[in-house]
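Below is one structure; the comments refer to it alone.
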Amino acid sequence: MTAPDAPLDPARTALVLVDLMDRIVALPLAPRTGDEVLLTAQELAARARTAGAPVVLVRVERPHVDAQPPGSGLVEGLAQEGDLVVVKRTIGGFHGTGLHELLAERGVTTLVFGGIATNLGVESTARAAADLGYELVFAEDAMAALTADEHRAATALNFPRLGQVRPAAEVVFADQAG
């Protein structure tokens, strides 16, 4: 496992941002707003791209409906050329999406997580990732939930059992250290 203060190898690390869609970012969230999560996630994504780490944007589509609700696309400007966009139809981002195969093709062994909701889409995707053997890092301030208690339970109780929880500012890629 990567030491808590060690820079991440961008050749083996991907940033995974979950459900940063207009209708989800607009929800009443805690302990921070969706706009605050989005800003932190965008800064983290810019650092990942600069370092050469893949950025994976996971969004949900409701199954068995003729049309998705308004605001179901990724927030405008979030996706950049070269990013991987994965559409899920369950809470987690791995089931039936090909995400594991996309990451394996790129030699990714470590995932950095952000998104909404901390205890739902992010946690479900992270648990599947742990089951698949990925090392996990959680950018705590790049996430929010429907309540502060739900966010706190995930980041303080569950995520430390799966990986490392850090502020986004402490998610550093090897070529960005120092």
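Remember, predicted model here, so these are calculated numbers, not experimental data. Hydrogens, waters and symmetry mates play no part in the numbers below; they use all other heavy atoms, side chains included. Numbers here simply count residues along the sequence, with the first being 1.
- Rounded to the nearest 0.5 Å, atoms CG (Leu120) and OG1 (Thr125) are 10.0 Å apart.
- Note that the CG atom of Leu29 and the CD1 atom of Ile116 stand 5.0 Å from one another [nearest 0.5 Å].
- Screening residues 51-61 for salt bridge (Lys or Arg N to Asp or Glu O under 4.0 Å), with sequence neighbours left out, gives Arg59-Glu61, Glu61-Arg89.
- The shortest heavy-atom contact between Ala30 and Thr147 is CB-C, 3.7 Å.
- Here the closest non-hydrogen pair linking Val18 and Gly121 is CG1-C, 3.8 Å.
- Listed by first and then second residue, the salt bridge (Lys or Arg N to Asp or Glu O under 4.0 Å) pairs involving residues 99-109 amount to none (not counting sequence neighbours).
- Atom CG of Leu111 and atom CG of Leu103 lie 5.5 Å apart (nearest 0.5 Å).
- Applying the side-chain contact (heavy atoms from CB on, under 4.5 Å) rule to Thr90 yields the partners His95; only residues at least two apart in sequence or on another chain are considered.
- Criterion: ILVMFWY side-chain heavy atoms under 4.5 Å apart, direct or through other members. Under it, Val112 and Val85 are part of a common hydrophobic cluster.
- Applying the ring pair (Phe, Tyr, Trp, His ring centres under 6.0 Å) definition to pairs two or more places apart or across chains, those involving residues 99-118 are His100-Tyr134, Phe113-Phe138.
- Here Asp149 pairs with Arg152 under the salt bridge (Lys or Arg N to Asp or Glu O under 4.0 Å) rule; sequence neighbours left out.
- The salt bridge (Lys or Arg N to Asp or Glu O under 4.0 Å) analysis of residues 138-147, with sequence neighbours excluded, yields the pairs Arg32-Glu140.
- Phe159 has its side chain within reach of Val122: a pair of non-hydrogen atoms, C-beta onward, lies under 4.5 Å apart.
- If you chain together hydrophobic residues whose side chains sit under 4.5 Å apart, Leu39 and Leu17 never meet in one group.
- Looking at Arg127, its side chain never comes within 3.5 Å of a backbone N or O of Gly92 through a donor-acceptor pair.
- In this structure, Thr118 contributes its side chain and His151 its backbone to no donor-acceptor pair below 3.5 Å.
- Not counting sequence neighbours, the partners of Asp83 by the salt bridge (Lys or Arg N to Asp or Glu O under 4.0 Å) test are Arg49.
- Contact detail for Leu74 and Ala79: the closest heavy-atom pair is CD1-CB, 4.3 Å.
- Here the closest non-hydrogen pair linking Pro10 and Pro54 is O-CD, 4.0 Å.
- The side-chain contact (heavy atoms from CB on, under 4.5 Å) test applied to Asn119 returns Ala117, Glu123, Ala145, Glu150, Ala154, not counting sequence neighbours.
- Under the side-chain contact (heavy atoms from CB on, under 4.5 Å) criterion, Ala104 pairs with no residue at all, not counting sequence neighbours.
- When the salt bridge (Lys or Arg N to Asp or Glu O under 4.0 Å) test is applied to Asp19, the partners found at least two apart in sequence or on another chain are Lys88.
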Anything under 3.5 Å between a donor and an acceptor, one on a side chain of residues 64-72, the other on a protein residue two or more places apart or in another chain? List them.
unit_1 : atom_1 : unit_2 : atom_2 : d
Gln68  : OE1    : Arg62  : N      : 2.7
Gln68  : NE2    : Arg62  : O      : 2.9
Ser72  : OG     : Arg23  : NE     : 2.9
Ser72  : OG     : Pro69  : O      : 2.6

Exercise for the section: Could you please spell out the steps behind the side chain to side chain contact (heavy atoms under 4.5 Å, CB included) verdict for Val87 and Thr97? Expected result: CA-CA 7 Å; Val87 177; Thr97 65; over 6 Å; no
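- Within the structure, no pair that satisfies the salt bridge (Lys or Arg N to Asp or Glu O under 4.0 Å) test touches residues 107-119, not counting sequence neighbours.
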Practice task
Start with the C-alpha gap between Val108 and Thr13, add the side-chain angles, then the distance that decides, and say whether side chain to side chain contact (heavy atoms under 4.5 Å, CB included) holds.
Solution key: CA-CA 5 Å; Val108 170; Thr13 303; 5.8 Å; no
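- Here CZ of Arg166 is found 15.5 Å from OG1 of Thr155. Values are rounded to the nearest 0.5 Å.
- Separation of atoms CG (Leu57) and CG (Leu84) is listed at 8.0 Å; rounding is to 0.5 Å.
- Going from atom CD of Glu135 over to atom CG of Leu8 covers 9.0 Å, rounded to the nearest 0.5 Å.
- Across all non-hydrogen atoms, the minimal contact from Ala14 to Val56 is CB-CG2, 4.5 Å.
- Both Val86 and Val16 sit in one connected hydrophobic cluster of ILVMFWY residues. Membership requires side-chain heavy atoms under 4.5 Å apart, directly or through other members.
- Across every non-hydrogen atom of Ala142 and Val37, the tightest pair is O-CG1, 3.3 Å.
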